[in-house]
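Comments concern the structure below.
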Amino acid sequence: MEVFELILCIILLVMAVFLVVAVLMQQGKSEGLSGTITGGGETFFGKTQGRSKDAILSKVTTIVAIIFVTVVLLVYIIATEPADTNKGSSSNKTTEGTVETVETVETKTQEATSEKTTAKTQEATAE
């Protein structure tokens, strides 16, 4: 599973860089009056060509952003998965060992208590 996580992380890194570059490449949409005053310098055909490139870049950016969020969620889900069965079995062995230790302590405590009771009974009978 670690190889899969590594691949997803590399994909995330590439997509993040692409998103930064794509957003920086897009023209601002608030060109309005300032573009008219400064002379804009583009012909009618140049404007439509620029708009179509911006539209395509905007759509691609949106799609990549959606995929980016999906991959981030997928990585989060994979990272928070419980341990696999091999690790779980060693955890079970530790739990079983703890249970055995507790049972051993309880048995020794019972034996010590019964020995004390026997010793007190023998002392009482001896008197």
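On a predicted model such as this, the values are computed, not experimentally measured, just so you know.
- In this structure, the side chains of M15 and I11 come closer than 4.5 Å at one or more pairs of heavy atoms.
- Atom CG in L8 sits 12.5 Å away from atom CG in L13 (nearest 0.5 Å).
- Between the CG atom in L74 and the CD1 atom in I67 there is a gap of 12.5 Å [rounded to 0.5 Å].
- Hydrophobic cluster membership differs between L24 and F18, with clusters built from Ile, Leu, Val, Met, Phe, Trp and Tyr side chains linked at under 4.5 angstrom.
- Grouping the Ile, Leu, Val, Met, Phe, Trp and Tyr side chains by contacts below 4.5 angstrom, directly or via other members, places F4 with V72.
- A pairwise comparison of heavy atoms in I66 and T70 identifies O-OG1, 2.8 Å as the closest pair.
- With hydrophobic clusters built from ILVMFWY side chains whose heavy atoms lie under 4.5 angstrom apart, V21 does not share a cluster with V64.
- Residues Q26 and T61 bring a donor and an acceptor atom of their side chains to less than 3.5 Å of each other.
- Annotation: the span from I63 atom CD1 to S58 atom OG amounts to 9.5 Å, rounded to 0.5 Å.
- Considering every non-hydrogen atom in both F68 and L12, the closest pair reads CE1-O, 3.5 Å.
- Cluster membership for V75 and V69, using ILVMFWY side-chain heavy atoms within less than 4.5 angstrom, is not shared.
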